[in-house]
Amino acid sequence: QVQPVESGGGLVQAGGSLRLSCAASGKLFSANTMGWYRQPPGKRRELVATITSIGSANYADSVRGRFTISRDNAKNMLYLQMNSLKAEDTAVYYCNTGPGLWGQGTQVTVSS
């Protein structure tokens with residue numbers, strides 16, 4: 001299977017919003033639990049949010065209420081809507097669309 005590709009990162013001021021997209025391929029897309037992860041500068045990669053095949057979402061405490069994960073199985077797309085961004089959200093964001101299927105990452109920088 002082909003690795004997914006993220007897009008939508010960039011520089012935004014604190015309080016702003018960004019929407020990340022992840023384009024994936026593969027016949028099992030709709031069956032997989034998927035997620036967004038991030039790696040802040042100098043820190044380990046951490047879970048941001050996951051979503052099951054039927055749309056049940058789970059969030060890290062640090063982003064709950066501000067971020068929304070969603071998926072479009074017909075288009076093989078995964079999304080992360082990020083609102084009320086904070087400086088501590090600065091990180092490289094990765095999507096995971098199945099076992100061993102990781103994107104290359106997209107940089108999100110939030111200026112305070």
Side-chain angles (χ1 to χ4, degrees):
Q1 296 193 37
V2 178
Q3 303 299 320
V5 179
E6 303 99 338
S7 61
L11 174 64
V12 63
Q13 289 188 336
S17 298
L18 282 175
R19 188 192 194 206
L20 304 184
S21 298
C22 174
S25 62
K27 298 179 179 179
L28 296 179
F29 181 91
S30 62
N32 289 343
T33 292
M34 303 182 187
W36 288 96
Y37 295 75
R38 68 186 181 187
Q39 187 165 13
K43 297 184 179 180
R44 302 178 70 173
R45 190 175 298 189
E46 61 186 24
L47 173 70
V48 175
T50 60
I51 186 168
T52 68
S53 59
I54 59 172
S56 179
N58 184 53
Y59 299 93
D61 290 342
S62 59
V63 307
R64 188 175 291 113
R66 300 187 297 122
F67 290 12
T68 302
I69 188 172
S70 62
R71 63 193 291 168
D72 186 335
N73 291 336
K75 297 181 179 179
N76 280 11
M77 293 293 294
L78 179 68
Y79 304 100
L80 185 69
Q81 177 67 43
M82 306 185 294
N83 299 328
S84 303
L85 283 161
K86 306 175 181 180
E88 51 263 44
D89 295 320
T90 294
V92 178
Y93 284 71
Y94 300 88
C95 68
N96 174 258
T97 57
L101 298 175
W102 291 89
Q104 82 289 349
T106 185
Q107 177 70 48
V108 171
T109 302
V110 183
S111 63
S112 57

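Just the heavy atoms: all of them, side chains too, but no hydrogens, waters or symmetry mates, feed the values below. The first residue of the sequence shown is numbered 1, and numbering continues consecutively from there.
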Legend entry - Sequence-distant partners of Arg19, salt bridge (Lys or Arg N to Asp or Glu O under 4.0 Å), two or more places apart: none
Legend entry - Student check: side-chain heavy atoms of Thr97 and Cys22 closer than 4.5 Å: yes
Legend entry - Pairing residues for Ser70 by the side chain to side chain contact (heavy atoms under 4.5 Å, CB included) criterion, not counting sequence neighbours: Tyr79
Inset, instruction - Could you tell me whether a side-chain N or O of Thr106 sits under 3.5 Å from a main-chain N or O of Ser7, the two making a donor and an acceptor? - result: no
Inset, instruction - Would you check, one step at a time, whether the test side chain to side chain contact (heavy atoms under 4.5 Å, CB included) holds for Gln3 with Leu101? - result: CA-CA 5 Å; Gln3 303 299 320; Leu101 298 175; 3.9 Å; yes
Inset, instruction - Show your working on salt bridge (Lys or Arg N to Asp or Glu O under 4.0 Å) between Lys86 and Asp89 and close with a plain yes or no. - result: CA-CA 5 Å; Lys86 306 175 181 180; Asp89 295 320; over 6 Å; no
Inset, instruction - Output the distance between atom OG1 (Thr33) and atom CD1 (Ile54), rounded to the nearest 0.5 Å. - result: 9.0 Å
Legend entry - Distance, nearest 0.5 Å, that separates CG of Leu85 from OG of Ser112: 12.5 Å
Inset, instruction - Could you tell me whether a side-chain N or O of Gln81 sits under 3.5 Å from a main-chain N or O of Thr68, the two making a donor and an acceptor? - result: no
Legend entry - Side chain to side chain, Glu6 and Leu20, heavy atoms closer than 4.5 Å: no
Legend entry - Remaining members of the apolar cluster that contains Leu11, side-chain heavy atoms under 4.5 Å: none
Inset, instruction - Side-chain contact test, heavy atoms from C-beta onward, threshold under 4.5 Å: evaluate it for Arg38 versus Val63 and give yes or no. - result: yes
Inset, instruction - Kindly indicate whether the side chain of Ile69, heavy atoms from C-beta on, has any atom under 4.5 Å from the side chain of Val48. - result: no
Legend entry - Exercise: identify the closest heavy-atom pair between Leu78 and Cys95: CD2-CB, 4.1 Å
Legend entry - Partner residues of Ala23 under the side chain to side chain contact (heavy atoms under 4.5 Å, CB included) criterion, sequence neighbours left out: Met77
Legend entry - Partners meeting side chain to side chain contact (heavy atoms under 4.5 Å, CB included) with Val92 (sequence neighbours left out): Tyr94, Gln107
Inset, instruction - Measure across Tyr59 and Phe67 and return the closest heavy-atom pair with its distance rounded to 0.1 Å. - result: CE2-O, 3.3 Å
Inset, instruction - Quick one: list whatever passes ring pair (Phe, Tyr, Trp, His ring centres under 6.0 Å) with Tyr37, sequence neighbours left out. - result: Trp102
Inset, instruction - List the atom of Asn32, the atom of Arg71, and the distance in Å for their closest heavy-atom pair. - result: O-NH1, 2.8 Å
Legend entry - Donor-acceptor under 3.5 Å (Asn96 side chain, Trp36 main chain): no
